[in-house]
Amino acid sequence: MIGRAEFRLGCRGLAYLARFDAQFLRFFDRSSAGALRSFQLALLVLPFYLVQFWLEIDGDVPDAARYIAGRMVGYAYNWITFPLILIFAGRLLERDADMPGCITMYNWLSLLWVAFQLPLLVLFAIDRDSSVAIALSYLFLLYSIVLEGFLFVRALRIPAWQAAILVVVDVAINIYVIGPFSRVLGGATFP
């Protein structure tokens with residue numbers, strides 16, 4: 001269980017990471033146990049995603065409960081898939097020893113993502129077609145991609161081009177595999 005002290009340290013590390021300060025590394029438990037505990041954050045950020053999934057429901061979704069259930073399956077896959085890819089990548093890059101810490105920090109990054117996305121969620125709840133919210137969401141996506149790359153460069157001690165490949169794989173899996181799969185599983189129709 002993530003204790004108060006670990007939570008405070010993790011949040012402090014996220015504050016450094018958000019500023020692209022390499023000191024973020026010292027605030028996370030980079031052991032295998034720390035990596036396993038970091039998966040508990042999935043329950044902490046789950047309410048945010050439930051609201052987001054609810055706001056996605058429109059005329060293309062015949063059954064809201066089924067849609068939420070399908071999106072929840074995707075949510076679970078999202079928490080499992082990329083950390084497994086990171087383990088495989090760690091072996092390829094000969095960074096096995098750094099991988100538990102990288103997975104820990106990658107999972108903690110979801111907490112930072114939710115903190116930044118919360119105002120956007122409120123804007124989308126008020127006006128689904130808000131051009132400001134859409135523009136901010138793209139801007140934040142770009143920031144998230146760069147931040148994730150920075151995390152990989154520092155946590156795994158790899159060149160930027162290798163970190164960029166990992167980020168592209170992560171984004172592609174989310175956008176082209178897990179997202180569409182979970183929407184279709186939830187009964188959404190696509191043109």
Side-chain angles (χ1 to χ4, degrees), residues 1-49 52 75 78-123 133 135-175 178:
M1 187 87 181
I2 295 175
R4 286 184 185 178
E6 184 176 9
F7 188 79
R8 280 194 307 270
L9 285 172
C11 289
R12 230 169 135 196
L14 289 175
Y16 279 98
L17 179 58
R19 296 187 310 253
F20 296 96
D21 187 332
Q23 292 186 56
F24 76 93
L25 293 165
R26 38 185 210 133
F27 292 96
F28 296 97
D29 179 352
R30 293 184 276 171
S31 68
S32 295
L36 287 173
R37 277 193 313 276
S38 71
F39 285 94
Q40 294 171 4
L41 294 168
L43 293 175
L44 183 64
V45 298
L46 178 60
F48 170 84
Y49 284 95
Q52 181 180 342
Y75 180 76
N78 197 38
W79 274 89
I80 296 166
T81 305
F82 195 69
L84 288 174
I85 291 170
L86 281 175
I87 291 169
F88 177 73
R91 290 188 180 133
L92 283 176
L93 300 170
E94 298 177 355
R95 295 288 186 252
D96 288 342
D98 297 320
M99 203 45 63
C102 183
I103 290 171
T104 298
M105 292 176 267
Y106 174 81
N107 285 344
W108 275 87
L109 193 57
S110 66
L111 194 60
L112 184 62
W113 189 87
V114 166
F116 282 119
Q117 285 291 103
L118 200 52
L120 292 177
L121 187 68
V122 171
L123 282 173
L136 286 174
S137 68
Y138 284 121
L139 186 62
F140 183 68
L141 176 62
L142 177 63
Y143 171 73
S144 298
I145 288 170
V146 173
L147 194 64
E148 186 175 325
F150 177 76
L151 183 150
F152 293 149
V153 166
R154 296 299 182 180
L156 296 175
R157 298 173 290 120
I158 58 175
W161 70 270
Q162 290 176 340
I165 290 171
L166 288 173
V167 171
V168 166
V169 168
D170 185 25
V171 171
I173 286 171
N174 281 305
I175 292 175
I178 295 174

Trainee: Of all heavy-atom pairs between Trp79 and Ser38, which one has the smallest distance, and what is that distance?
Mentor: CZ3-O, 3.9 Å
Trainee: Nearest 0.5 angstrom please: Leu151 CG to Leu109 CG, how far?
Mentor: 6.0 Å
Trainee: Is any side-chain heavy atom of Phe39 closer than 4.5 Å to a side-chain heavy atom of Pro83?
Mentor: yes
Trainee: Measure from the side-chain N and O atoms of Gln40 to the backbone N and O of Ile2, and report whether any donor-acceptor pair falls under 3.5 Å.
Mentor: yes
Trainee: Do Leu147 and Leu112 have side chains that get closer than 4.5 Å, going by heavy atoms?
Mentor: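 Side-chain contact under 4.5 Å: yes.
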Trainee: Does the side chain of Phe152 come within less than 4.5 Å of Ile165's, by heavy atoms?
Mentor: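 The answer is no, as the side chains (C-beta and beyond) never meet within the 4.5 Å cut-off.
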Trainee: Return yes when atom CZ of Arg37 has more than 12 non-hydrogen atoms of other residues, nucleotides or ligands closer than 6.0 Å, and no otherwise.
Mentor: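 For Arg37, atom CZ is crowded (more than 12 foreign heavy atoms under 6.0 Å).
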Trainee: Please work out whether the ring planes of Tyr75 and Tyr49 are parallel, tilted or perpendicular, with thresholds of 30° and 60°.
Mentor: tilted
Trainee: Step by step, work out the side chain to side chain contact (heavy atoms under 4.5 Å, CB included) result for Tyr143 and Val146.
Mentor: CA-CA 5 Å; Tyr143 171 73; Val146 173; 5.9 Å; no
Trainee: So, taking the atom named CD1 in Ile145 and the one named CD in Glu148, what distance separates them when rounded to the nearest 0.5 Å?
Mentor: 8.0 Å
Trainee: Using the six-membered ring wherever Trp is involved, compare the ring planes of Trp113 and Phe48 and label them parallel, tilted or perpendicular (cut-offs 30° and 60°).
Mentor: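 Trp113 and Phe48: perpendicular rings.
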Trainee: Judged by atom type as modelled, is there a donor-acceptor pair below 3.5 Å linking the side chain of Asp170 to the main-chain atoms of Leu166?
Mentor: no
Trainee: Measure the CG-CG distance between Leu123 and Leu118 for me, rounded to the nearest 0.5 Å.
Mentor: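 Separation between the atoms: 10.5 Å.
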Trainee: Can you name the residues that form a side chain to side chain contact (heavy atoms under 4.5 Å, CB included) with Pro100, not counting sequence neighbours?
Mentor: Ser32, Ala35
Trainee: Can you measure from CG (Leu41) to OH (Tyr106) and round to the nearest 0.5 angstrom?
Mentor: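 Between atom CG of Leu41 and atom OH of Tyr106 there are 12.5 Å.
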Trainee: Nearest 0.5 Å, what's the CG-CD1 distance between Leu84 and Ile103?
Mentor: 7.5 Å
Trainee: Show, in sequence, the C-alpha distance, side-chain angles and deciding distance for Phe116 and Ser144, and conclude whether the side chain to side chain contact (heavy atoms under 4.5 Å, CB included) test is met.
Mentor: CA-CA 10 Å; Phe116 282 119; Ser144 298; over 6 Å; no
Trainee: Side chains of Asn174 and Phe82: closer than 4.5 Å at any heavy-atom pair?
Mentor: no
Trainee: Parallel, tilted or perpendicular: which fits the ring planes of Phe28 and Phe24, with parallel below 30° and perpendicular above 60°?
Mentor: perpendicular
Trainee: Can you see which heavy atom on Pro47 is nearest to which on Leu43, and at what distance?
Mentor: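 Reported closest heavy-atom pair: CD-O, 3.6 Å.
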Trainee: State, yes or no, whether a side-chain contact exists between Gln162 and Val153 at a heavy-atom distance under 4.5 Å.
Mentor: no
Trainee: Relative to each other, are the rings of Tyr16 and Phe27 parallel, tilted or perpendicular (30° and 60° limits)?
Mentor: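 Ring orientation of Tyr16 relative to Phe27: parallel.
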Trainee: Between atom SG of Cys102 and atom CG of Asn107, what is the distance when rounded to the nearest 0.5 Å?
Mentor: 9.5 Å
Trainee: Would you say the side chain of Met105 lies within less than 4.5 Å of the side chain of Arg30, judging by non-hydrogen atoms?
Mentor: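 Yes - at least one pair of side-chain heavy atoms lies under 4.5 Å apart.
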Trainee: Got a donor-acceptor contact below 3.5 angstrom from the Arg95 side chain to the Arg157 backbone?
Mentor: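 Yes: the side chain of Arg95 pairs with the backbone of Arg157.
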Trainee: For the CZ atom on Arg4, are there more than 12 heavy atoms of other groups (residues, nucleotides or ligands in this structure) within a distance under 6.0 Å?
Mentor: no
Trainee: Would you say the side chain of Leu93 lies within less than 4.5 Å of the side chain of Asp98, judging by non-hydrogen atoms?
Mentor: no
